[in-house]
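Indexing begins at 1, ligand by ligand and atom by atom, following the structure's order.
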Amino acid sequence: MNTEPERMKQASSSDIKHVTVVGCGTMGNGIAQVFATCGYPVELVDLSAPALDKAMSTIARNLDRVVAKGGLDQNARDVALTRIHCSTSLAEATQKADLVVEAATENRQIKLELFRQLDQLSPAHCILATNTSSISITDIAGATTRPTQVIGMHFMNPVPVMKLVEIIKGYNTDPLVTATIVEMSHRLGKIPVEANDYPGFVANRILMPMINEAIHALYEGVAGVAEIDIVMKLGMAHPMGPLQLADFIGLDVCLAILKVLHDGFGQPKYAPCPLLVKMVSSGNLGVKTGKGFYAYQEGSKDLVVAPEFR
Ligand code: NAD
């Protein structure tokens, strides 16, 4: 049984020695890579063994790129890889955890069930962080008996490259836990920004309506895929157009976030564009499935509009 004094021992990021990352998809593998590169042993856990194999090859490939650019030497790359241990057992992967970062599918029921299990399995002092893009931290924390130790640690995609970590305080998050996660983000070479717990927090409350509007513009025939993206790149100095970014994030993730915004605020302006809904139902989810607004080929850097939008 967890006791309060035991829980409160966790007050500094230097007490965090073992990290568990739950979910090894687009975000989870990047989060594992960043912790491992910074010297932390990482347990990377997923339901799917093939997904774990794919995640390890992605991490190895990404680290190779860092080595080629002179950001890491070969030995540091090899050591970082050996720090990551993969598992399909949540019980095994959380035994020694001081910090869990959950990066599983953006689905409220999945996260509530995961946090109920994480609360039972992980040591009493362990901080339970979620990388959710939009789901209420307070709600997730309510699935545990340690709501003071639950926090949002929202990394950006691609995790090894992007500097920002949005730190979301749940209604009951202990300020010491927030301070620990802020400090940990700095240790990872990131820049943390604190936000309060409202649907979509800051990042996705602003980003997703823009992406949804870009999809509406395409749906209504205002302009084509490439044209919409070029307007936003050249006209607004965005590094990537909103449709390419949606593909990169994952169209299923975009749809899930818009639904959270729509349900949470009850305003029609957040209603997902029917085209986005249809694309997700069809299984065209963007980069991760090889097709979204653009078509992707392994190893090719060319940006080719998907056939149905040409
Ligand atoms: P993804 O679909 O690429 O990967 C999710 C992974 O979670 C899959 O490998 C799946 O097998 C695994 N999973 C599902 N249920 C699980 C469980 N019970 N236990 C263990 N593993 C489980 O998703 P993603 O894009 O990596 O998103 C993960 C989280 O990060 C979501 O909450 C998402 O909102 C958030 N996020 C995504 C982005 C982005 O750009 N994709 C950016 C910031 C935050």
Side-chain angles (χ1 to χ4, degrees), residues 20-34 43-59 86-94 97 100-122 128-137 139-140 143 150-168 190 193 195 199-208 211 240 242 244-261 280 283 285-290 292:
T20 300
V21 177
V22 182
C24 72
T26 309
M27 296 303 286
N29 71 65
I31 296 169
Q33 178 184 325
V34 166
E43 291 287 336
L44 181 57
V45 58
D46 201 287
L47 296 172
S48 150
L52 286 164
D53 291 342
K54 188 175 166 207
M56 286 310 287
S57 341
T58 304
I59 296 170
C86 291
S87 172
T88 51
S89 159
L90 200 61
E92 259 173 46
T94 48
V100 173
V101 182
E102 172 275 320
T105 310
E106 184 76 346
N107 173 294
R108 181 174 172 272
Q109 284 316 322
I110 289 178
K111 299 221 189 261
L112 293 186
E113 176 53 23
L114 256 176
F115 272 72
R116 198 188 57 72
Q117 291 180 45
L118 288 169
D119 185 39
Q120 285 176 357
L121 297 170
S122 60
L128 303 179
T130 171
N131 188 51
T132 180
S133 301
S134 59
I135 299 168
S136 166
I137 307 304
D139 199 13
I140 293 172
V150 176
I151 191 161
M153 191 176 192
H154 183 208
F155 291 88
M156 303 292 132
N157 184 13
V159 184
V161 176
M162 299 293 277
K163 283 282 176 200
L164 178 70
V165 182
E166 197 179 19
I167 310 283
I168 305 103
K190 304 292 184 195
V193 170
F201 322 127
V202 175
N204 283 302
R205 177 152 179 186
I206 298 171
L207 174 66
M208 280 305 149
I211 285 179
M240 196 183 264
Q244 188 188 357
L245 182 56
D247 273 0
F248 192 57
I249 292 169
L251 300 189
D252 52 339
V253 177
C254 293
L255 178 61
I257 298 169
L258 280 162
K259 283 182 175 166
V260 170
L261 291 170
V280 173
L285 307 181
V287 176
K288 65 181 151 189
T289 57

Checklist entry - What do we get for Glu113 next to ligand 1 when only non-hydrogen atoms under 4.0 Å count, side chain, backbone, both or neither? => result neither
Item to check | Shortest reach to atom 18 (N) of ligand 1 by a heavy atom, considering only Val260, Ile257, Val159, Leu114 | outcome: Leu114
Next on the checklist: Using the side chain to side chain donor-acceptor pair (under 3.5 Å) definition, which of the options Lys111, Gln109, Arg116 pairs with Glu113?
Outcome noted: Arg116
Item to check | Any donor-acceptor N/O pair, Asn204 side chain to Ser133 backbone, under 3.5 Å | outcome: yes
Next on the checklist: For atom 11 (O) of ligand 1, what is the closest protein heavy atom, and at what distance to 0.1 Å?
Outcome noted: Asp46 OD1, 2.6 Å
Checklist outcome for this item: Interatomic distance, CD@Glu102 vs CZ@Phe115, rounded to 0.5 Å, equals 4.5 Å
Checklist entry - What residue and atom, counting heavy atoms only, is the protein's closest point to atom 4 (O) of ligand 1, and at what distance? => result Gly25 CA, 3.3 Å
Checklist entry - Can you tell me how far SG of Cys24 sits from NZ of Lys54, rounded to the nearest 0.5 angstrom? => result 9.0 Å
Next on the checklist: Please classify the Val22 to ligand 1 contact at 4.0 Å (heavy-atom distances, strictly less than): side chain, backbone, both or neither.
Outcome noted: side chain
Checklist entry - Just by modelled atom types, is the Ser87 backbone N or O under 3.5 Å from a matching donor or acceptor in the Glu43 side chain? => result no
Next on the checklist: I want to know if ligand 1 touches Glu102 in the polar sense, i.e. an N/O pair below 3.5 angstrom.
Outcome noted: no
Next on the checklist: Counting non-hydrogen protein atoms only, what is the nearest one to atom 34 (O) of ligand 1? Give residue, atom name and distance.
Outcome noted: Ser133 OG, 2.6 Å
Checklist entry - Hey, what do you get for CG (Leu112) to CG (Asn107), rounding to the nearest 0.5 Å? => result 9.0 Å
Checklist entry - Is it the side chain, the backbone, both or neither of Phe248 that has a heavy atom closer than 4.0 Å to ligand 1? => result neither
Next on the checklist: Using only atom types and a distance under 3.5 Å, with no angle test, would you say the side chain of Glu166 pairs donor to acceptor with the backbone of Ala195?
Outcome noted: no
Checklist entry - To the nearest 0.1 Å, how far is atom 29 (C) of ligand 1 from its closest protein heavy atom, and which atom is that? => result Ala104 O, 3.3 Å
Checklist entry - Quick one: does Asp252 get an N or O within less than 3.5 Å of an N or O on ligand 1? => result no
Checklist outcome for this item: Checking heavy atoms under 4.0 Å, the part of Leu90 that sits near ligand 1 is neither
Item to check | Residue and atom name of the nearest protein heavy atom (relative to atom 37 (C) of ligand 1), distance in Å to one decimal | outcome: Met27 CG, 3.3 Å
Next on the checklist: Checking contacts here: is it the side chain or the backbone of Lys111 that comes within 4.0 Å of ligand 1, counting heavy atoms only? Could be both or neither.
Outcome noted: side chain
Next on the checklist: Main chain of Ala49, side chain of Thr88: is a donor-acceptor contact present, judged purely on distance under 3.5 Å?
Outcome noted: no
Checklist entry - Starting from atom 15 (N) of ligand 1, which protein heavy atom do you reach first, and at what distance in Å? => result Leu47 CD1, 3.6 Å
Checklist entry - Tell me, which protein residue and heavy-atom name are nearest atom 41 (N) of ligand 1, and how many Å apart are they? => result Ile249 O, 2.8 Å
Checklist entry - Rounded to the nearest 0.5 Å, how far does OG1 of Thr105 lie from CD1 of Ile110? => result 4.5 Å
Next on the checklist: Counting only heavy atoms closer than 4.0 Å, does ligand 1 sit against the backbone of Val253, its side chain, both, or neither?
Outcome noted: side chain
Item to check | Closest non-hydrogen atom pair between Asp247 and Gly292, with its separation | outcome: OD1-CA, 3.4 Å
Next on the checklist: Treating Lys190 as the side-chain partner and Met162 as the backbone partner, does any N or O pair qualify as donor plus acceptor under 3.5 Å?
Outcome noted: yes
Checklist entry - Is Glu106 close to ligand 1, meaning an N/O of one under 3.5 Å from an N/O of the other? => result yes
Checklist entry - Is there a donor-acceptor contact under 3.5 Å from the side chain of Asp252 to the main chain of Leu285? => result no
Item to check | contact_flag Gly250 ligand 1 heavy-atom lt 4.0 Å | outcome: no
Checklist entry - Does the Asp46 side chain pair with the main chain of Ala51, one donor and one acceptor, at a distance under 3.5 Å? => result no
Checklist entry - Identify the closest protein heavy atom to atom 1 (P) of ligand 1: which residue and atom is it, and at what distance? => result Lys288 NZ, 3.9 Å
Checklist entry - Counting each atom of ligand 1 from 1 as listed, which ones have a heavy atom of His154 under 4.0 Å away? => result 43 (C), 44 (C)
Checklist entry - Which of the atoms in ligand 1, numbered in the order shown and given with their element, are less than 4.0 Å from a heavy-atom of Thr132? => result 32 (O)
